[in-house]
Amino acid sequence: MKTGKRMKGVVISKPIMYGNVATELLTRKTDHTHKWTVFLRGANGQDISYFIHKVEFKLHETFVNNNRTFKSPPFEVSETGWGEFEIITKIHFPPASGEKPISLYHMLKLYPPDSLGQSWPKGKPVNNFFYDELIFSEPTEEFYEILTKGANGPEIPLKTSGNHAFSVESEAAECKRLETAVGQVTGKHDEYKGRVRAAENEIALLRRDIAALESST
Ligand code: SLL
């Protein structure tokens with residue numbers, strides 16, 4: 001029986017990975033420069049279709065049939081094209097869930113980061129995908145049944161490997177990178193504060209000199 005009753009205090013999280021990979025086309029027949037795939041998957045490559053009703057990818061209007069809908073996996077679009085643009089991925093859940101669709105906004109990236117542009121090997125794929133979690137707070141009883149059919153929780157493996165782009169190890173490396181960046185920003189901030197203070201002191205001294213000159217004339 002469909003009650004639509006929600007389960008108080010229950011929160012279920014489903015780890016996902018979404019984004020795109022792109023590779024430069026080395027032989028070109030048109031103005032298309034890259035082939036790319038935008039996708040929504042389980043973070044560990046696991047099945048997520050049992051709690052998803054459909055996935056819509058909204059591409060730039062320069063693409064033929066720019067709204068692509070999938071009711072079964074793989075939830076992905078592979079295309080060739082010439083430009084970067086924002087892709088909206090709208091995830092719909094089964095009607096019994098009572099959940100509103102979730103939209104993810106992803107900037108399709110074709111080119112390597114500017115800092116690496118020069119040294120990027122020809123034909124090497126550009127990866128631009130992310131780990132995230134779909135959080136269901138107080139799901140309906142019907143949806144809870146569905147959600148708990150598959151693997152639960154945001155478990156990720158200890159180490160990164162072929163099928164597992166995200167791991168405890170990659171998370172720790174990302175934290176380290178962020179810490180280093182925060183350290184660099186704090187350092188720069190302190191340096192500029194020091195320079196502002198020195199400039200202010202100099203202004204005060206100059207003002208004093210001006211006042212002394214003015215009062216002696
Ligand atoms: C840009 N603002 O100018 C962006 C738009 C659109 C990319 C990029 C179409 C491919 C086709 C295509 O790649 N559009 O003709 O099917 O960079």
Run the salt-bridge test on Glu79 and Arg68 with the 4.0 Å N-O cut-off and return the result as yes or no.
yes

Polar contact flag, side-chain donor to acceptor under 3.5 angstrom, His60-Asn66:
no

Which heavy atom of Phe63 sits nearest a heavy atom of Gly81, and at what distance?
CZ-CA, 4.5 Å

Using a 4.5 Å cut-off on heavy atoms from C-beta on, say whether the side chain of Phe166 contacts that of Glu171.
no

Do Val10 and Tyr144 have side chains that get closer than 4.5 Å, going by heavy atoms?
yes

Residue pair Tyr18, Phe75: steps toward the ring pair (Phe, Tyr, Trp, His ring centres under 6.0 Å) verdict
CA-CA 10 Å; Tyr18 73 95; Phe75 301 121; over 10 Å; no

When you measure from the centre of the six-membered ring of Trp120, is the NZ or CZ of Lys124 under 6.0 Å away and within 45° of the axis?
yes

Would the distance check show the side chain of Thr140 and the main-chain N or O of Ala96 forming a donor-acceptor pair, the cut-off being under 3.5 Å?
yes

Please determine whether salt bridge (charged side-chain N to carboxylate O under 4.0 Å, His left out) holds for the pair Glu200 and Arg197, giving the CA-CA distance in whole Å, both sets of side-chain angles, and the decisive distance to 0.1 Å.
CA-CA 5 Å; Glu200 279 168 355; Arg197 213 170 301 123; over 6 Å; no

Test your reading of the model: is there a side-chain donor-acceptor pair from Asp132 to the backbone of Pro15, 3.5 Å cut-off?
no

Tell me every residue that passes ring-ring contact (aromatic ring centres under 6.0 Å, His included) with His53, counting only those two or more places apart in sequence or in another chain.
none

Nearest heavy-atom neighbours spanning Asp47 and Pro73
OD1-CG, 4.3 Å

Under a 3.5 Å threshold, yes or no: a donor from one side chain and an acceptor from the other, between His106 and Glu86?
no

Heavy atoms of Glu169 and Thr160 approach each other most closely as OE1-N, 3.3 Å

Does the side chain of Val21 come within less than 4.5 Å of Phe39's, by heavy atoms?
yes

From the options Lys5, Lys8, Arg6, select the one residue that forms a salt bridge (charged side-chain N to carboxylate O under 4.0 Å, His left out) with Glu138.
Lys8

Backbone N/O of Lys109 and side chain of Asn20: donor-acceptor pair under 3.5 Å:
yes

For atom CD of Glu191, is the number of surrounding heavy atoms from other residues, nucleotides or ligands below 6.0 Å larger than 12?
yes

For Lys14 and Glu133, what are the C-alpha separation, side-chain angles and deciding distance, and is it a salt bridge (charged side-chain N to carboxylate O under 4.0 Å, His left out)?
CA-CA 5 Å; Lys14 295 291 179 188; Glu133 285 165 19; over 6 Å; no

Ring geometry between Phe85 and Trp36 (parallel below 30°, tilted from 30 to 60°, perpendicular above 60°)
perpendicular

Are any non-hydrogen side-chain atoms of Thr89 and Ile87 less than 4.5 angstrom apart?
yes

Do Lys149's NZ or CZ and the ring of Phe51 fall within the cation-pi criteria of under 6.0 Å and 45°?
no

Could I get the full list of ring-ring contact (aromatic ring centres under 6.0 Å, His included) partners for His34, not counting sequence neighbours?
Tyr111

Salt bridge check, Lys122 against Glu24: does any charged N sit closer than 4.0 Å to a carboxylate O?
yes

What are the two closest non-hydrogen atoms of Ser167 and Lys159, and how far apart are they?
CB-C, 3.4 Å

Shortest non-hydrogen contact from Lys90 toward Ser103:
CG-OG, 3.6 Å

Does Arg195 make a cation-pi contact with Tyr192, if we ask for NZ or CZ under 6.0 Å from the ring centre and within 45° of the axis?
no

